[in-house]
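All remarks here apply to the structure that follows.
Because the structure is a prediction, the values reported are computed rather than measured. Naming: A, B, ... by sequence-line order, numbering from 1 per chain. Quick note: numbers below take in every heavy atom, side chains included, and nothing from hydrogens, waters or symmetry partners.
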Amino acid sequence: MYVAVKGGEKAIDEAHQFLAEKRRGETRIEALSAEQISQQLGLGVDRVMTEGSLYDRELAALALKQAMGDSVEAIFLLRAYRTTLPRFGTSTPIETDAMRVERRISATYKDVPGGQALGPTFDYTHRLLDFALLAEGESKLTHHDSSTQSVESKLADNAESSVNDEAYQRVSNFLRQEALLKEQFKLSGKAVDITREPLKYPCPRDGRLQTLARADEGFLIALAYSTQRGYGRTHPFAGEIRMGYVEVNLFIEELGFDLCLGEICVTECDMINQFAGNEQEPPQFTSGYGVSFGFCERKTMAMALVDRSLQAEELGEVVDTPAAQAEFVLSHCDNVEASGFVSHLKLPHYVDFQSELALVRKMREEFFDSKEREGQVTSNDTDLENSLTEQTGASRA
Amino acid sequence: MKTNSESSAGITNRQLLLSLLSKSDSESVKQAWESLDVAPEYSLLKRPEVGMVMVKAKAGGNGTNFNMGEMTVTRTVLQLSGHQVGYGYIAGRDKEKSLTVALIDALYQLYEWQSAIEEKIMKPLERALQNAQNKHKQRVDRTKVNFFTMVRGE
């Protein structure tokens, strides 16, 4: 139980002032602008938008600045802000097939139609610190000028792109055409909205995906990793990962048609998993899906693995791993809720603790009284406790 | 005064106009608007307001619909003295751009403004967007790879 306290206003004001000073750092160093954060710490901004569940680069950058770079705090700020805004409507579903691709890879097909475009990736970098960035200079890779590109490489590029200049067809469709991919359970009716109604169990896939889309990246990665290490039987392949820009359209009732609101950047991942089949169904592949605002590739991969694990019950698999237990996963994956409940422990619990203290004292008294009656007690509590520990240890052994 | 009939072709052009405006940055929209050099009278049906739209996605890109998260959107709805209603729904928080988009949309429904809007607004914005997208595509295409599978063992 939490009992309110009062007082301390002056100290709290001072603490907030101190925080502001700390946030600013030494004033001889130039202050960071939200624009700089948005441009140069873009992946941090993307994570805040995704888990804050609000696409707005400028606000996410501001949140990161205000939170001194603490992602979870920034996510909290963005979530709090979104509660102050009215909702104008719900978009028509985004068409990721029509994405203006910036990155597209497949780990299942080498020669995938449309080709593989690596895009701006950390993959294949050597993970060596680039000290040129430290010396306040620019890395030699920073400005890639196509005019300085060698003729040979230009020719090679043209040759390659002319070969691959076809649309990026969805990889999972190739398996679908051969009936090797299990059809998705398509839910009909209005999609669940966890921002309007609490989750109910068993939770349908739309509610699960919405929850996972805003879930903590770290939590999902740990769960996804657990399925790979043996706490799951999902045998995954990254069928396709793509990142790029998609239009968002909103149907306007009075107009009777869709309006394009603009483009947003999203990342999506289709995981393809083995499925041994059951009495009714032949062996085939199943899939898991991950999606994020901005470029949160790792998050979308983890989300896709966990999405697949959570289909266990629908696929008639045994639900015996943490990642397959919907209630466990979905009710603990939100970092605003989780950090709120963990953090509340640092608020004053004085009254609460006093009663606990009185209770423990009373119980100890009773304990020693009963020991004394049995004539076993020594004059020294510590000795007794030690001997008790030894006894328990011995009995366990 | 002849107003743009809401034929299917008309809707497509209007949708294209609104799409170009929403995808262009505020500065380009402002310049395009100023190039028309007009200050029509209007009344606000919905004053410029910042809100959100829930973005829907499809599982696996083609399956079950679900709500993936919200985005900020600014909207304005206004009416010209001739009753044409203009809609300015744009991604982000930018009341000025939203109002300008609504004005252009309303004006586009007036026959006498259609060709000016197509020439001075749609064409340049479309060209600029196309250029930016081509440049982006070229940059992406330079990262295209061909992987070769090595023969395993001997």
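- Residue with the most contacts toward chain A among B:Ala57, B:Ala59, B:Ser19, B:Ser24: B:Ala59 (heavy-atom pairs, distance under 4.5 Å).
- Heavy atoms of A:Tyr245 lying under 4.5 Å from chain B belong exclusively to its side chain.
- When side chains are defined from C-beta on, A:Leu250 does not count as touching B:Val73, because their heavy atoms never get closer than 4.5 Å.
- Only the backbone of A:Ser292 has a heavy atom closer than 4.5 Å to any heavy atom of chain B.
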Practice problem: Report the C-alpha separation of B:Lys23 and A:Cys260 in whole Å, then their side-chain angles, then the decisive distance to 0.1 Å, and conclude whether the side-chain contact (heavy atoms from CB on, under 4.5 Å) test is met. | Solution: CA-CA 8 Å; B:Lys23 288 180 195 163; A:Cys260 173; 3.9 Å; yes
Quiz item: Would A:Leu85 and B:Thr72 satisfy side-chain contact (heavy atoms from CB on, under 4.5 Å), going step by step from the backbone distance to the final call?
Solution: CA-CA 9 Å; A:Leu85 295 179; B:Thr72 53; 4.1 Å; yes
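- Side-chain contact check for B:Arg93 versus A:Leu59: some heavy-atom pair is nearer than 4.5 Å.
- Of the two parts of A:Ser287, neither the backbone nor the side chain holds a non-hydrogen atom closer than 4.5 Å to a non-hydrogen atom of chain B.
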Practice problem: Applying side-chain contact (heavy atoms from CB on, under 4.5 Å), run through B:Met68 and A:Arg214 and close with a yes or a no. | Solution: CA-CA 8 Å; B:Met68 80 175 269; A:Arg214 46 155 57 188; over 6 Å; no
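- Using a 4.5 Å cut-off on side-chain heavy atoms (C-beta onward), A:Ile264 and B:Val55 make contact.
- Looking only at distances, a side-chain donor or acceptor of B:Lys144 sits under 3.5 Å from a matching main-chain atom of A:Gly114.
- In terms of modelled atom types and a separation under 3.5 Å, the side chain of A:Ser91 and the main chain of B:Lys56 share a donor-acceptor contact.
- Between chain A and the residues B:Met71, B:Glu70, B:Arg75, the most heavy-atom pairs under 4.5 angstrom are made by B:Glu70.
- If you tally non-hydrogen atom pairs under 4.5 Å between each of B:Ile90, B:Leu20, B:Leu18, B:Asn67 and chain A, the highest count goes to B:Asn67.
- Interface remark: A:Arg170 contributes side-chain atoms only to the contact with chain B (heavy atom separation under 4.5 Å).
- Taking chain B as the reference chain and counting heavy-atom pairs below 4.5 Å, the highest number among A:Thr96, A:Asp258, A:Thr211 is found for A:Asp258.
- Neither the backbone nor the side chain of B:Gln138 comes within contact range of chain A, judged by heavy atoms closer than 4.5 Å.
- Neither the backbone nor the side chain of A:Thr50 comes within less than 4.5 Å of any heavy atom of chain B.
- Looking at A:Tyr109, neither its backbone nor its side chain comes within 4.5 Å of chain B, counting heavy atoms on both sides.
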Self-check item: side-chain contact (heavy atoms from CB on, under 4.5 Å) between A:Asn173 and B:Asn62, intermediate numbers included
Solution: CA-CA 10 Å; A:Asn173 283 349; B:Asn62 44 28; 3.6 Å; yes
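- Contacts between A:Ile252 and chain B at a heavy-atom distance below 4.5 Å involve the side chain alone, from C-beta outward.
- Under the 4.0 Å criterion applied to side-chain N and carboxylate O atoms, A:Glu95 and B:Lys58 are assigned as salt-bridge partners.
- Contacts of B:Lys46 with chain A are made by side-chain atoms alone, with heavy-atom separations under 4.5 Å and no backbone atom involved.
- Per-residue counts of heavy-atom pairs under 4.5 Å with chain B were compared for A:Arg103, A:Arg57, A:Arg176; the largest is that of A:Arg176.
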